[in-house]
Amino acid sequence: MVLDVLIEIGDVHPVSVDFWELLAEAARQMMLDRSRRWCEWRGWEVRHGTVRATLSLVGAEEGRRRTAFAADGRLRPMWDIGNRTAGGERELNIARLWVEYAQELGPGETADVRLAPLSPEQWRHLKCGDVITMYEARPVAGTATVIEVLPPRA
């Protein structure tokens with residue numbers, strides 16, 4: 001219970017990477033895997049910044065996904081965020097995905113998500129209102145509208 005209260009405090013107030021690392025270790029020792037991953041995620045956000053978006057997955061009849069995925073940061077889809085290669089081709093960027101306030105997200109569903117880019121510097125141009133496209137393969141898996149972009153705090 002105390003761990004949950006400390007996590008809530010960290011989610012509301014700016015805290016350090018050390019704070020999140022201590023909570024992650026406490027969660028690990030208590031074998032609270034999802035809480036550990038959340039604390040590690042939040043520490044990553046302090047170091048690298050945060051991109052939040054509202055994601056709408058395509059329905060099962062339109063896309064390849066037929067089942068829901070775990071919403072705890074393990075999925076690493078590709079994203080079209082507007083970047084191009086030197087030759088002008090579309091460049092897809094990878095980011096882990098955490099669904100806020102849900103255990104899973106399935107075809108046709110919409111939720112607010114947090115993105116942890118593999119190369120955060122390539123995402124710095126995004127701003128609120130930008131629409132980005134999620135791919136797991138072809139065809140499109142979903143579209144997201146950016147609702148918040150926060151810079152690193154560490």
Side-chain angles (χ1 to χ4, degrees), residues 7 10-21 23-25 27-28 33-154:
I7 288 172
D11 286 342
V12 174
H13 301 287
V15 295
S16 68
V17 172
D18 291 339
F19 176 88
W20 289 115
E21 287 174 349
L23 292 188
E25 176 58 20
R28 185 194 66 75
D33 193 50
R34 185 176 173 86
S35 293
R36 176 193 54 81
R37 283 196 310 279
W38 177 245
C39 293
E40 291 170 349
W41 183 281
R42 296 293 281 133
W44 188 95
E45 288 184 342
V46 171
R47 280 191 185 97
H48 301 286
T50 304
V51 175
R52 293 181 59 239
T54 301
L55 172 64
S56 296
L57 295 179
V58 298
E61 63 285 347
E62 301 170 54
R64 292 182 59 152
R65 179 169 287 284
R66 302 286 181 254
T67 60
F69 61 85
D72 59 1
R74 290 184 274 186
L75 185 67
R76 296 170 183 244
M78 298 170 288
W79 297 87
D80 180 353
I81 59 172
N83 291 337
R84 299 287 178 244
T85 65
E89 299 293 321
R90 177 182 63 189
E91 182 175 30
L92 297 179
N93 300 87
I94 298 171
R96 290 184 302 138
L97 184 151
W98 191 290
V99 181
E100 296 181 347
Y101 313 111
Q103 297 292 315
E104 59 183 24
L105 189 65
E109 296 179 340
T110 298
D112 288 345
V113 298
R114 301 173 93 89
L115 303 174
L118 184 62
S119 301
E121 67 283 352
Q122 294 179 354
W123 294 63
R124 301 255 191 264
H125 68 281
L126 292 177
K127 60 188 180 313
C128 290
D130 286 348
V131 176
I132 59 178
T133 307
M134 178 181 144
Y135 293 88
E136 292 182 271
R138 293 193 188 273
V140 169
T143 58
T145 302
V146 175
I147 57 175
E148 183 176 34
V149 179
L150 295 174
R153 292 192 319 262

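Since this is a predicted model, take the numbers as computed values, not measurements.
- Applying the salt bridge (Lys or Arg N to Asp or Glu O under 4.0 Å) definition to pairs two or more places apart or across chains, those involving residues 98-110 are R52-E100, E100-R114.
- Sorted by first then second residue, the ring-ring contact (aromatic ring centres under 6.0 Å, His included) pairs that include residues 46-68, not counting sequence neighbours, are W44-H48.
- For R90, the side chain to side chain donor-acceptor pair (under 3.5 Å) test picks out Y135, with sequence neighbours left out.
- A donor-acceptor pair is defined here as one N or O able to donate and one able to accept, closer than 3.5 Å; no such pair exists between the side chain of R153 and the backbone of V46.
- Residues satisfying the side chain to side chain donor-acceptor pair (under 3.5 Å) criterion with R74, sequence neighbours excluded, are D72.
- Looking only at atom types and distance, the side chain of Q122 has no donor-acceptor partner in the side chain of N83 under 3.5 Å away.
- Partners of E25 according to the salt bridge (Lys or Arg N to Asp or Glu O under 4.0 Å) rule, which considers only residues two or more places apart in sequence or in another chain, are R28.
- Among pairs with a residue in residues 91-117, those fulfilling ring-ring contact (aromatic ring centres under 6.0 Å, His included) read W38-W98, W41-W98, at least two apart in sequence or across chains.
- The salt bridge (Lys or Arg N to Asp or Glu O under 4.0 Å) analysis of residues 136-145, with sequence neighbours excluded, yields the pairs R65-E136.
- Other residues, nucleotides and ligands contribute more than 12 heavy atoms inside 6.0 Å of the CD atom of E121.
- Listed by chain and number, the residues in a salt bridge (Lys or Arg N to Asp or Glu O under 4.0 Å) with D130 are K127 (sequence neighbours excluded).
- When the side-chain contact (heavy atoms from CB on, under 4.5 Å) test is applied to V58, the partners found at least two apart in sequence or on another chain are E62.
- Judged as a side chain to side chain donor-acceptor pair (under 3.5 Å), and not counting sequence neighbours, D18 has no contacts.
- Atom CH2 of W79 sits about 8.5 Å away from atom OG1 of T133, to the nearest 0.5 Å.
- R47 meets the salt bridge (Lys or Arg N to Asp or Glu O under 4.0 Å) test with E21; sequence neighbours excluded.
- With sequence neighbours excluded, the residues forming a side chain to side chain donor-acceptor pair (under 3.5 Å) with S56 are T110, listed by chain and number.
- Heavy-atom contacts from other residues, nucleotides or ligands closer than 6.0 Å to CZ of R124 number more than 12.
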